[in-house]
Amino acid sequence: MHLHAVTVTSTAGKLSTVLTNLGASSLTVNGTIDARDFKFITDEMPNLKALDLTNATIVAYNSTLADGLLAGSYHFANNTLPYCALMGAVKLETVNLPTNLTAIDYGAFAGCTRLKAINLPASLRKIGDDAFNTCSSLQQVAITGSVSVLGSKAFAHCTKLTTLILNPTGDITIGDEAFADCQALNSVSIGTSITALGNGTFNGCKALKKIQIAPGSKLEDIGDMTFYRSGLEELDLEYTPHLKHMGAWALAHTKLKAFSIPSHVKTLDEGTLFYNNLLTTLELPKNLSYLPDYMLAGCDHIHGTPFMTQALANIGDFALFNQSQHFSINVPVRVYYIGSYAMAGLSNLQEISSEPLEAPELGENVWAGVKQSSTKLYVKEESLDDYRTAMQWKNFLVDVAHTRGDINNDGYVNTLDVIAERRYLTEGNSEGIIIDRTDVTGNGRTDIADIVAIFNIINGRKGAPYPQQYWFEDDIETLGSETSTRKANIEITLNNTINYTACQFDIVTPSHISIEGAALSGRGLGHEIHVGKTGSNLYRMVCYSPTGDDFEGYSGLLLTLNISSTKNFSSSDYITLDRIYFADYQENVYYNNHMKVSIIGASAVENITVDESDKPVNVYNTQGQLLRQNVVPSQATQGLPAGIYIVGDKKVIVR
């Protein structure tokens, strides 16, 4: 049978009377159409591949059970693609929707397994539950414009979907399992207006390694199982200042390798990071007081014990289950309860330092699998009797606690511990040290503040009782060389309002560029500076004062990086400063990230210049808060106080 393209003009409910070629492969409908006509299309046009409704208007219809529509007795609204309108149209490949369409109802395209693309009209406001469920040939989706409702499972099981843009103009919550089991999905961009990701939004998206979250994000909530069993390797929450909650099992069974949860996240539910067995680096909110049930169970490759923050008071059931790599753990001073099986499976544990004066209450079988009779438990001298008589605690080798800062476990705190800490930071060399003691400040990670803390101990100085972490808001400027040869210097200038005594940078380089060393200016009088290689094209620089002196002055050149290349430098060559940490003498840390540094000529942080196209930009502060929207670059920072701002995709200084 030869198939034809057919164009008809119809009145709602009358399509069957004007359409005579039911074998057509392409149908264009003008005029009005309603739910009865869609039923006619799906029932009577089995060969339909293309449907053009551009100039059609969908009108309301009140159905009865006698109509035979899937919805039964139902009100089908104006400008709404009806309930299950094209469900199961298995040969349908292309659809042009009406230009005045405002909603796509439940299951409208569900099971259209050959539908390859869909262009959503600017007028669209709602995409209903299961609207595109199992459209297994759909490859790209862009949800923009005025869409304010995205229903549950709207695009679930779209197994060939690779690219997703979520950037509507108004606030929107993404429905539960909206993109679940989209196994080929590998590119996701989330705009500022997404306020919540529903339960299981990206559950089972095995190809999804990273998502892009726009600066100024309004995201407040990540639901239960949102990324469960996805391929997620990286999730940067830097631009989510409003995020307050992460749901149960939200990131369970992913492939995260490093993860940081900002301090503004107030609630974590059970199993948030359950069995992330590739996770090596973790930072939890510094004010986290409750480690939920199953939170880190099976995360058996985390370096150190960063989950043991100083604010921690309650450790849930199975919270650290099967973290078999730890030789040593520290129980912070505020902990009063440790749940059932919380530490079960820590089979290599050799040492525990417990800071609470009274032995914390324990649930059932907290230490199952731990060789208690050969594991040392260090407590304060005045607490010895309490731990030696407490159930489950008394089975350890209870003794007086080791000295804070004794990294190499020789019984003393001295420069050998500083050297060991520095080698661990700059080279990853853990020989002769106990890794879990390297977090001297208890801020949840090993960083430059720990070297400051060791020197404070050596010098008899006291840091803050509970050192804090702050966003770094002072100015760093860099100036590259004027040469295009194979050696260059990058000058780093610090304009500071706070007295810093130490700093640390991670330096990421292209494959042809190496960091040869670094030199301090006069502002670093009495300081030491060291650069080590921690990975392929990854270096770490640390700078500190053995006597705890601050950097001199409040502005000017701080240090110079010496670099080399296997070929002549070009204007496109750059390095990246990452994990930028400064520390004061009280062991507080001030941090920032991702500073791109040109090697030749211009400073990496520049005053704003007019974009040649004068394209409007948004302006954010360094906390990701939107300050100005759609302004031309020449006016982007006018009237703003001195500081660092994100203008478009550039970091700029206002003086």
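Note that the structure is predicted; figures quoted are calculated from it, not measured.
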Looking at side-chain heavy atoms only, is the closest gap between [X] and [Y] below 4.5 Å?
X      : Y      : answer
Ile104 : Leu97  : yes
Leu251 : Leu235 : yes
Leu243 : Ile222 : yes
Asn133 : Phe155 : no
Thr94  : Asn96  : no
Ile41  : Leu86  : yes
Ile302 : Thr281 : no
Thr80  : Leu101 : no

Side-chain donor or acceptor of [X] paired with backbone N/O of [Y] under 3.5 Å:
X      : Y      : result
Thr201 : Ala178 : no
Asn537 : Pro510 : yes
Ser146 : Ala122 : yes
Thr254 : Ala252 : no
Thr192 : Gly216 : no
Thr280 : Lys257 : yes
Asn199 : Asp224 : yes
His264 : Thr240 : yes
Thr195 : Asp171 : no
Thr134 : Gly111 : no

*Dump the intermediate steps for side-chain contact (heavy atoms from CB on, under 4.5 Å) on Ile211 and Phe227, then the final yes or no.*
CA-CA 11 Å; Ile211 65 172; Phe227 296 99; 3.8 Å; yes
What heavy-atom pair brings [X] and [Y] nearest, and what distance separates the two atoms?
X      : Y      : value
Asp37  : Leu15  : OD1-N, 3.0 Å
Leu268 : Pro292 : O-CG, 3.1 Å
Ser217 : Tyr239 : CB-O, 3.1 Å
Cys182 : His157 : SG-N, 4.3 Å
Asp34  : Arg36  : OD2-NH2, 2.7 Å
Leu115 : Cys135 : CD2-SG, 4.3 Å

*What pairs with Asn203 under side chain to side chain contact (heavy atoms under 4.5 Å, CB included), at least two apart in sequence or on another chain?*
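Applying side chain to side chain contact (heavy atoms under 4.5 Å, CB included) to Asn203 gives Ala180, Met225, Tyr228.
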_Residues Asn276, His301; criterion side chain to side chain donor-acceptor pair (under 3.5 Å); working and verdict_ = CA-CA 9 Å; Asn276 276 263; His301 284 82; over 6 Å; no
Go through the side-chain N and O atoms of [X] and [Y] and say whether any donor and acceptor fall under 3.5 Å apart.
X      : Y      : value
Asp578 : Thr576 : no
Asn47  : Lys91  : yes
Asn277 : His253 : no
Ser136 : Thr113 : no

*asked:* side chain to side chain donor-acceptor pair (under 3.5 Å), that's the test. Do Thr32 and Thr57 meet it? Break it down for me.
replied: CA-CA 5 Å; Thr32 58; Thr57 297; over 6 Å; no
As an exercise, state the distance from [atom1] of [X] to [atom2] of [Y], rounded to the nearest 0.5 Å.
X      : Y      : atom1 : atom2 : value
Leu81  : Leu53  : CG    : CG    : 7.5 Å
Ser16  : Lys39  : OG    : NZ    : 10.5 Å
Thr163 : Leu185 : OG1   : CG    : 7.5 Å
Thr42  : Leu51  : OG1   : CG    : 11.0 Å
Lys266 : Leu288 : NZ    : CG    : 10.5 Å
Leu69  : Thr64  : CG    : OG1   : 8.0 Å

*What class does the angle between the rings of Phe274 and Trp249 fall in, given that below 30° is parallel, 30 to 60° is tilted and above 60° is perpendicular?*
perpendicular
*asked:* Walk me through whether Lys244 and Glu220 qualify under salt bridge (charged side-chain N to carboxylate O under 4.0 Å, His left out).
replied: CA-CA 5 Å; Lys244 297 290 184 285; Glu220 298 177 358; over 6 Å; no
_Pair Phe472 and Tyr591, ring centroids less than 6.0 Å apart_ =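 Centroid separation for Phe472 and Tyr591: 6.0 Å or greater.
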*What about Phe76 and Tyr83, are their ring centers closer than 6.0 Å?*
no
*Does the pair Tyr74 and Asp67 meet the rule for a side chain to side chain donor-acceptor pair (under 3.5 Å), with working shown?*
CA-CA 10 Å; Tyr74 190 78; Asp67 292 322; over 6 Å; no
*asked:* Strictly by ring-ring contact (aromatic ring centres under 6.0 Å, His included), give each pair with a member in residues 44-67 just once, sequence neighbours left out.
replied: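 Pairs touching residues 44-67 that pass the test: none.
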_Asp221 vs His245, test: side chain to side chain donor-acceptor pair (under 3.5 Å). Steps then yes/no._
CA-CA 5 Å; Asp221 184 78; His245 169 256; 2.3 Å; yes
*Take Leu538 and Ile507 through the side-chain contact (heavy atoms from CB on, under 4.5 Å) test and state the conclusion after the steps.*
CA-CA 6 Å; Leu538 180 62; Ile507 308 167; over 6 Å; no
*Yes or no on side-chain contact (heavy atoms from CB on, under 4.5 Å) for Met595 and Ile580, after CA distance, side-chain angles and deciding distance?*
CA-CA 9 Å; Met595 182 176 176; Ile580 300 169; 3.9 Å; yes
*Within a radius of less than 6.0 Å around CG of Asn62, do more than 12 heavy atoms belonging to other residues, nucleotides or ligands occur?*
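More than 12 within 6.0 Å, yes.
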_Residues, nucleotides or ligands: over 12 heavy atoms within 6.0 Å of Tyr574 OH_ = no
*asked:* Show, in sequence, the C-alpha distance, side-chain angles and deciding distance for Leu282 and Leu296, and conclude whether the side-chain contact (heavy atoms from CB on, under 4.5 Å) test is met.
replied: CA-CA 10 Å; Leu282 173 67; Leu296 297 170; 3.7 Å; yes
